[in-house]
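We use all heavy atoms of the structure for the numbers below, so side chains are in, but hydrogens, waters and symmetry mates are not. One-based numbering along the sequence shown.
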Amino acid sequence: MDHDFCVKNQQDIPNVLPEVYLTTLTITAMQYCGRIPGKPCAIKLHPHFNAIIGGRGSGKSTLLESIRIVSRREQGLDKTIKLKENLDSFKNGVMLLNTELLLNIHRHGKEYRLRWRHNGQGNVL
């Protein structure tokens, strides 16, 4: 009865893929994740909806901070000191010298991969 808070019918077709979306995050050789040689941690992401649910220490922040790092979205955090401190603490606390992050992105019909390595040798592939 309250139209401001009800589900609204949309004009767009809901099953059409968005133009840009993340497909997979792969973590290799992080402190608590992707440590088995030859078996990195691969997280598949859905183009329409992803929910990150878990208790303390289950990896929710690891997933989000890894996406931020591999996509080079650290700029602007200086304005929010707490976020910057959390990211620096994350990098110093769980990243190892051989940590590698890969993020697959679907953009306008093409697949791209971002790579981040702790040694700074990451490239866009």
Side-chain angles (χ1 to χ4, degrees):
M1 300 299 269
D2 189 348
H3 295 287
D4 291 333
F5 297 104
C6 69
V7 175
K8 296 182 173 126
N9 291 329
Q10 60 186 24
Q11 301 299 322
D12 299 332
I13 300 170
N15 296 325
V16 175
L17 293 176
E19 288 293 316
V20 179
Y21 57 92
L22 308 178
T23 58
T24 309
L25 173 68
T26 305
I27 301 172
T28 304
M30 196 180 281
Q31 181 71 27
Y32 304 108
C33 186
R35 296 288 303 270
I36 300 171
K39 292 187 178 184
C41 176
I43 299 133
K44 295 186 186 271
L45 301 164
H46 193 276
H48 292 294
F49 179 78
N50 294 283
I52 305 168
I53 301 170
R56 283 187 126 176
S58 62
K60 300 178 301 291
S61 295
T62 297
L63 173 68
L64 295 175
E65 297 298 357
S66 295
I67 290 171
R68 181 190 313 271
I69 290 167
V70 72
S71 59
R72 297 352 186 243
R73 300 295 295 186
E74 299 173 41
Q75 64 275 21
L77 289 183
D78 296 332
K79 297 174 188 170
T80 312
I81 295 170
K82 180 81 170 149
L83 286 176
K84 178 73 171 140
E85 288 174 356
N86 287 347
L87 185 63
D88 291 341
S89 174
F90 175 78
K91 280 183 173 180
N92 295 328
V94 300
M95 298 292 192
L96 304 174
L97 293 177
N98 58 339
T99 296
E100 180 181 68
L101 304 173
L102 298 172
L103 181 64
N104 292 2
I105 301 171
H106 181 90
R107 185 173 190 266
H108 303 293
K110 293 183 179 180
E111 294 292 325
Y112 297 92
R113 177 179 283 172
L114 300 177
R115 176 185 287 153
W116 181 91
R117 292 182 180 155
H118 196 278
N119 62 11
Q121 299 302 309
N123 293 322
V124 177
L125 302 176

Query raised in the report: Do E65 and V94 touch side chain to side chain, with heavy atoms closer than 4.5 Å?
Result: no

Query raised in the report: What's the spacing between I43 CD1 and L63 CG if we round to 0.5 Å?
Result: 5.0 Å

Requested in this report: Quick one: list whatever passes salt bridge (Lys or Arg N to Asp or Glu O under 4.0 Å) with K44, sequence neighbours left out.
Outcome: none

Query raised in the report: Heavy-atom distance under 4.5 Å between the side chains of F90 and T62, does that happen here?
Result: yes

Report summary line: Applied to residues 91-106, the salt bridge (Lys or Arg N to Asp or Glu O under 4.0 Å) test, sequence neighbours excluded, yields E74-K91, E100-R115, E100-R117

Query raised in the report: Looking only at atom types and distance, does a side-chain atom of S89 sit under 3.5 Å from a main-chain N or O of E85, one as donor and one as acceptor?
Result: no

Query raised in the report: Given side chains that start at C-beta, do those of S66 and W116 come closer than 4.5 Å, heavy atoms only?
Result: no

Can I get a per-line list of side-chain donor-acceptor pairs under 3.5 Å for residues 16-37, giving both atom names and the distance, sequence neighbours left out?
| residue | atom | partner | partner atom | Å |
| --- | --- | --- | --- | --- |
| E19 | OE1 | H108 | ND1 | 2.8 |
| T23 | OG1 | N104 | O | 3.2 |
| R35 | NH1 | Q31 | O | 2.9 |

Report task. First locate atom CE of M95, then atom CG of L97, and finally report the distance between them rounded to the nearest 0.5 Å. Result -> 12.0 Å

Distance-only donor-acceptor pairs under 3.5 Å for side chains of residues 53-60, two or more places apart:
| residue | atom | partner | partner atom | Å |
| --- | --- | --- | --- | --- |
| S58 | OG | G55 | N | 3.4 |
| S58 | OG | G55 | O | 2.7 |
| K60 | NZ | G54 | O | 2.9 |
| K60 | NZ | G55 | O | 2.9 |

**Report entry** Positive for side chain to side chain contact (heavy atoms under 4.5 Å, CB included) with L114, one of I69, L102, I105, I67
**Finding:** I105

Query raised in the report: Is there a path from L96 to L101 through hydrophobic residues (I, L, V, M, F, W, Y) whose side chains come within less than 4.5 Å of each other?
Result: no

